[in-house]
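In what follows, a structure is listed as structure tokens, so that the remarks can point back to it.
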Amino acid sequence: MTEIATSIVDTMREPVLVLEPDLTVLHANRSFYRCFHTSEAETVGRQLRELGNGQWNIPALRQLLEEMLNENDTVEDYRVEHEFETIGKRVMLLNARRLQQSPDRKRIFIAISDVTDRERLENELIASNEFSEKLIDSIREGLLVLTPDLVVESANQTFYDLFQVSPEETEGRLIYDIGNGQWDIPALRRALEDVLPHDQRFDDFEVTHQFPTIGRRIMLLNGRALDHLPRILLAIRDETEKRRHESQQKVMVGELQHRVKNILANVHSIATATLRRSNSLAEFEAAFLDRLKSLARTQDLLLRESSGRVDLHELVSWELAAHGWEEDGRLTIAGPEVTLTRREAQAFAMLVHELATNAVKHGAFARSGGRLDITWRIARQNGRDNLSFEWREDGVRIDKQPTSSGFGSGLIRRSVGHMLGGTSRLDFSPRGAICKVEFALDA
């Protein structure tokens with residue numbers, strides 16, 4: 001090589017090799033020695049495949065050179081990947097040219113670009129972008145990337161699913177034009193056009209909007225103007241269901257407080273009335289506990305039904321079963337299907353309990369030949385369903401009409417009007433007690 005050519009090659013930043021036709025190294029520049037951790041003594045005059053104790057015996061490189069010698073004069077960006085013992089894995093792009101100084105003297109000029117770090121950075125960038133995209137898609141909040149003029153550059157899958165729009169309807173459009181103008185929301189305009197340019201961010205900006213396709217939505221918006229990129233990141237959290245559940249929870253807590261208050265009031269009323277009618281502590285204890293159990297049975301029925309309504313037939317059956325009576329030849333329970341509200345069930349259960357208690361002590365349940373027929377019917381009056389309920393005992397001999405009004409008979413005669421807004425009548429025929437109750441059912 002001439003001195004000028006040698007100087008030019010030595011000043012190149014890329015590693016360079018000049019080979020004889022038999023692939024003996026004629027010259028290598030300083031970049032080659034530095035990049036591949038070798039010296040001139042270990043390189044010049046040696047076969048290419050012998051360099052670095054055989055590290056350069058690379059099949060892909062041999063194939064390239066053989067093609068050059070046989071067919072081509074030049075090769076550009078020939079990619080070679082090889083694991084060197086001393087410097088590790090390297091990815092190289094080879095640019096080679098055949099130099100013909102005379103018909104029988106053909107040298108090969110090879111410039112080597114080490115792109116190992118570049119490819120690593122490119123792969124890391126691709127992986128980082130893929131990670132970012134998958135991370136954004138996995139976020140449960142709707143996410144929009146906007147240009148400074150508020151055009152949607154991209155959105156995550158959550159946004160498309162949540163607001164029922166497609167990428168075609170979203171990307172490349174002004175945010176206010178998404179979904180045929182559904183996003184032209186005054187509160188959103190204030191956040192993006194007034195708050196964001198001044199503060200570079202906004203947090204939990206609440207927006208309530210009625211969308212034509214998905215209905216009313218309550219949203220919390222969080223926006224960021226990126227520092228090193230002219231982009232705006234807008235995160236949208238749909239709070240609609242959460243707010244609805246919170247509202248339901250408040251109603252449920254209020255209802256629970258109301259129910260507990262009513263139950264305590266019932267217990268207090270039962271305790272007071274029972275104490276007033278009891279002649280001894282033992283008598284009070286027996287009567288009070290009995291009535292408390294009846295109240296508990298009703299609560300069990302109410303808790304079992306998520307609707308808060310109780311079937312009348314089931315309520316009556318439960319109460320009579322507690323006294324040892326079931327539907328057989330001595331007991332019949334008949335009537336159309338009726339469900340009672342919580343208020344009606346509590347009041348009606350106490351009424352049935354008192355009738356059953358009287359029947360155990362003095363009526364049909366106290367005699368082996370006694371029987372009980374319970375019937376009801378529904379009549380439509382003044383636009384409301386009215387329940388007519390009859391309790392009729394038979395097979396009992398009553399020689400003398402009761403003259404005193406105990407707690408049970410007092411509740412049956414008077415409290416129906418207060419608790420159910422209806423009427424009641426309790427009679428004692430020579431064959432047993434007959435009770436008739438009428439009241440309008442809650443809608």
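The figures here come from the full heavy-atom set of this structure, side chains too, leaving out hydrogens, waters and symmetry mates.
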**Prompt:** Can you tell if the side chain of L387 reaches within under 4.5 Å of the side chain of F439, non-hydrogen atoms only?
**Reply:** yes

**Prompt:** Do E14 and S113 have side-chain atoms, one donor and one acceptor, less than 3.5 Å apart?
**Reply:** yes

**Prompt:** Does some side-chain heavy atom of F205 sit less than 4.5 Å from a side-chain heavy atom of L188?
**Reply:** no

**Item:** Under 3.5 Å donor-acceptor, Q164 side chain and I214 backbone
**Value:** no

**Prompt:** Can we say E20 and R107 salt-bridge, meaning some charged N sits less than 4.0 Å from an Asp/Glu carboxylate O?
**Reply:** yes

**Asked** How are the rings of F211 and H209 set relative to one another: parallel (under 30°), tilted (30 to 60°) or perpendicular (over 60°)?
**Response** perpendicular

**Test: E119 and R79 ion pair at under 4.0 Å** = yes

**Neighbour count >12 (heavy atoms, 6.0 Å) for atom CD, Q249** = no

**Item:** SB check D238 R243 (cutoff 4.0 Å)
**Value:** no

**Message:** With rounding to the nearest 0.5 angstrom, report the OH to CD1 distance, Y78 to I110.
**Reply:** 11.5 Å

**Minimum heavy-atom distance A187-V207, with the two atoms named** = CB-CG2, 3.8 Å

**Asked** If we only count heavy atoms from C-beta on, is the V152 to W183 side-chain gap below 4.5 Å?
**Response** no

**Side chain to side chain, L331 and F365, heavy atoms closer than 4.5 Å** = no

**Heavy-atom closest contact (L315 atom, A349 atom, distance)** = CD2-CA, 3.8 Å

**Complete:** Shortest non-hydrogen pair, E81 vs V91, comes out as CG-CG2, 4.0 Å

**Request:** Taking D385 for its side chain and L441 for its backbone only, find out whether a donor-acceptor pair lies under 3.5 Å.
**Result:** no

**Prompt:** More than 12 foreign heavy atoms under 6.0 Å from CZ of R330: is that the case here?
**Reply:** yes

**Message:** If I take atom OG1 from residue T170 and atom CZ from residue F159, how far apart are they, to the nearest 0.5 angstrom?
**Reply:** 5.5 Å

**Asked** Can V310 and W318 be said to form a side chain to side chain contact (heavy atoms under 4.5 Å, CB included), step by step?
**Response** CA-CA 11 Å; V310 176; W318 269 47; over 6 Å; no

**Asked** Would you say E241 has more than 12 foreign heavy atoms packed within less than 6.0 Å of its CD?
**Response** yes

**Request:** List the steps and the verdict of side-chain hydrogen bond (donor to acceptor under 3.5 Å, both in side chains) for T423 and E438.
**Result:** CA-CA 5 Å; T423 61; E438 292 187 4; 4.7 Å; no

**Prompt:** Are side-chain N/O atoms of S31 and R34 paired as donor and acceptor at under 3.5 Å?
**Reply:** yes

**Message:** How long is the straight-line distance from OG1 of T43 back to CG of L48, given to the nearest 0.5 Å?
**Reply:** 10.0 Å

**Asked** Would you call T240 and M219 a side-chain contact if the rule is heavy atoms closer than 4.5 Å?
**Response** no

**Item:** Evaluation steps, side chain to side chain contact (heavy atoms under 4.5 Å, CB included), between L221 and L234
**Value:** CA-CA 7 Å; L221 309 183; L234 180 63; 4.3 Å; yes

**Item:** The single option from E50, R46, Q47 passing side-chain contact (heavy atoms from CB on, under 4.5 Å) against L23
**Value:** Q47

**Asked** Got more than 12 heavy atoms from elsewhere within 6.0 Å of CZ, R377?
**Response** no

**Asked** What is the ring orientation for W56 with F84, classed by angle as parallel under 30°, tilted 30 to 60°, or perpendicular over 60°?
**Response** tilted

**Request:** Please test E344 against L420 for side chain to side chain contact (heavy atoms under 4.5 Å, CB included), starting from the C-alpha separation and ending with a verdict.
**Result:** CA-CA 6 Å; E344 293 168 338; L420 298 175; 4.2 Å; yes

**Request:** Report the relative orientation of the aromatic rings in F389 and W376; use parallel for angles under 30°, tilted for 30 to 60°, perpendicular for over 60°.
**Result:** parallel

**Which atom of I378 lies closest to which atom of P336, heavy atoms considered** = CG1-CG, 4.0 Å

**Message:** Looking at every non-hydrogen atom in both residues, tell me the closest pair between I374 and V316 and how far apart they are.
**Reply:** CD1-CG1, 3.7 Å

**Fill in**
d(F202 CZ, R190 CZ) to nearest 0.5 Å is 11.5 Å

**Request:** For H198, look at atom NE2 and say whether over 12 heavy atoms of other residues, nucleotides or ligands are found less than 6.0 Å away.
**Result:** no

**Prompt:** Would you say the side-chain atoms of T147 pair up with the backbone N or O of V151, donor to acceptor, closer than 3.5 Å?
**Reply:** yes

**Side-chain ion pair, D184 and R189, N-O less than 4.0 Å** = yes

**Prompt:** What is the distance from atom CZ of R224 to atom CZ of R201, rounded to the nearest 0.5 Å?
**Reply:** 3.5 Å

**Prompt:** So do the side chains of F36 and D114 get within less than 4.5 Å of each other, counting heavy atoms only?
**Reply:** no

**Complete:** Value for CD1 (I232) from CD (E153), rounded to nearest 0.5 Å, stands at 11.0 Å

**Item:** N222 side chain vs D204 backbone, donor-acceptor pair below 3.5 Å
**Value:** yes

**Message:** Between L93 and R118, does the side chain to side chain contact (heavy atoms under 4.5 Å, CB included) criterion hold? Intermediate values first, please.
**Reply:** CA-CA 11 Å; L93 294 180; R118 189 184 78 185; 3.7 Å; yes

**Message:** Between D77 and N95, is there a side-chain heavy-atom distance shorter than 4.5 Å?
**Reply:** yes

**Prompt:** Any salt bridge between K250 and E246, counting N to O under 4.0 Å?
**Reply:** no

**Asked** Just by modelled atom types, is the I218 backbone N or O under 3.5 Å from a matching donor or acceptor in the T208 side chain?
**Response** no

**Prompt:** Side chains of V145 and L233: does their closest heavy-atom pair fall under 4.5 Å?
**Reply:** yes

**Asked** Hey, is CD on Q248 packed in by over 12 heavy atoms from elsewhere, all under 6.0 Å?
**Response** yes

**Request:** Measure across A356 and L320 and return the closest heavy-atom pair with its distance rounded to 0.1 Å.
**Result:** CB-CD2, 4.0 Å

**Prompt:** Does N156 use its side chain to pair, donor to acceptor, with the backbone of E141 at less than 3.5 Å?
**Reply:** yes

